[in-house]
Amino acid sequence: MEERENIRVWETHSPEETFSIGEQLGRRALAGQVYTLIGDLGVGKTVFTQGVAAGLGIAGPVNSPTFTIMQVYEEGRLPFYHFDVYRIGDLEEMEEIGCEEYFYGDGVCLIEWANLIREILPRRHIRITIKKDLEKGFDYRKIVMEDI
Ligand code: ADP
Ligand code: MG
């Protein structure tokens with residue numbers, strides 16, 4: 001892991017490794033934190049999210065909430081609010097589900113495709129960007145985490 005001020009970078013070579021980085025983060029996550037996950041389809045955002053959920057002590061399966069935009073998990077160390085806003089039509093939809101209550105609540109929020117709702121993100125959050133680099137292999141991922 002490379003570390004600069006407010007920015008951490010990992011390189012992984014398997015889904016298990018990406019899961020494990022998420023898991024470490026989930027173990028240390030604090031109430032009220034908002035994590036955004038940015039990256040193309042199939043890059044590993046959900047794999048990472050599943051790690052976070054495991055780290056929070058959530059045993060059940062965590063998949064992308066296709067029809068609901070947001071899924072709540074209450075059985076872990078802290079409430080976990082998993083958003084996947086890939087299919088969001090407009091920002092009003094976020095208001096309708098009462099997103100502010102979650103963003104500024106006492107749980108941990110994680111938002112896949114957060115770049116699509118940039119305008120309404122809390123000013124302070126933790127941005128995680130996942131990228132492939134096919135020159136480094138099909139399973140290579142670069143994970144950058146920065147405090148915004
Ligand atoms: P997203 O949620 O970003 O659309 P998923 O997490 O659903 O993506 O899927 C990522 C896919 O990439 C999975 O099939 C996973 O097995 C695969 N994969 C291969 N290498 C990695 C890696 N290093 N990290 C995460 N996923 C990986
Ligand atoms: Mg996903």
Nearest 0.5 Å, please: how far is CD in E23 from CD in E16?
12.0 Å
Considering only residues two or more places apart or on different chains, which pairs with a residue in residues 92-111 satisfy salt bridge (charged side-chain N to carboxylate O under 4.0 Å, His left out)?
none
If you link I, L, V, M, F, W and Y whenever their side-chain heavy atoms are under 4.5 Å apart, who else ends up in the same group as L134?
F138
Return the CZ to CD1 distance between R123 and I148, rounded to the nearest 0.5 Å.
11.5 Å
Considering all heavy atoms, the nearest V34-P122 contact
CG2-CG, 4.0 Å
Rounded at 0.5 Å granularity, tell me how far CG in L121 sits from OG1 in T36.
6.5 Å
Are I21 and I58 connected into the same hydrophobic cluster when the rule is that any two of I, L, V, M, F, W, Y join if their side-chain heavy atoms are below 4.5 Å apart?
yes
Please report the interatomic distance SG(C99) to CD1(I111), rounded to the nearest 0.5 Å.
8.0 Å
What is the minimum heavy-atom distance between C109 and F83, and which atoms define it?
SG-CE1, 4.1 Å
By side-chain hydrogen bond (donor to acceptor under 3.5 Å, both in side chains), T18 pairs with (sequence neighbours left out) T12
Residue pairs, two or more places apart or on separate chains, that pass salt bridge (charged side-chain N to carboxylate O under 4.0 Å, His left out) and touch residues 72-83
none
Side chain to side chain donor-acceptor pair (under 3.5 Å) pairs, two or more places apart, involving residues 139-148
E11-Y140, R127-E146
Connected via hydrophobic side-chain network under 4.5 Å: Y104 and M70:
yes
Going by ring pair (Phe, Tyr, Trp, His ring centres under 6.0 Å), name the residues that satisfy it together with Y81, two or more places apart in sequence or in a different chain.
Y102
Sequence-distant partners of L78, side chain to side chain contact (heavy atoms under 4.5 Å, CB included), two or more places apart
A31, L56, V108
By ring pair (Phe, Tyr, Trp, His ring centres under 6.0 Å) - contacts of Y86 (at least two apart)
W113
Can you name the ring pair (Phe, Tyr, Trp, His ring centres under 6.0 Å) partners of Y35, sequence neighbours left out?
none
Taking all non-hydrogen atoms of both residues, which atom of E119 and which atom of L116 are closest, and how far apart?
OE1-O, 4.4 Å
Check against side-chain contact (heavy atoms from CB on, under 4.5 Å), L25 and I126:
CA-CA 11 Å; L25 187 152; I126 299 148; 5.8 Å; no
Considering all heavy atoms, the nearest F103-I120 contact
CE1-O, 3.7 Å
Between CD1 on residue I130 and NZ on residue K132, distance to nearest 0.5 Å:
11.0 Å
Indicate every side-chain donor-acceptor pair of residues 41-54 with a distance under 3.5 Å to a residue at least two apart or in another chain.
unit_1: K45; atom_1: NZ; unit_2: G39; atom_2: O; d: 2.9
unit_1: K45; atom_1: NZ; unit_2: D40; atom_2: O; d: 3.0
unit_1: T46; atom_1: OG1; unit_2: S64; atom_2: OG; d: 3.0
unit_1: T46; atom_1: OG1; unit_2: E112; atom_2: OE1; d: 3.0
unit_1: T46; atom_1: OG1; unit_2: E112; atom_2: OE2; d: 3.0
unit_1: T49; atom_1: OG1; unit_2: K45; atom_2: O; d: 2.7
unit_1: Q50; atom_1: NE2; unit_2: V62; atom_2: O; d: 2.7
unit_1: Q50; atom_1: NE2; unit_2: N63; atom_2: OD1; d: 3.4

Can you tell me if E17 uses its side chain to pair, donor with acceptor, with the backbone of H13 under 3.5 Å?
yes
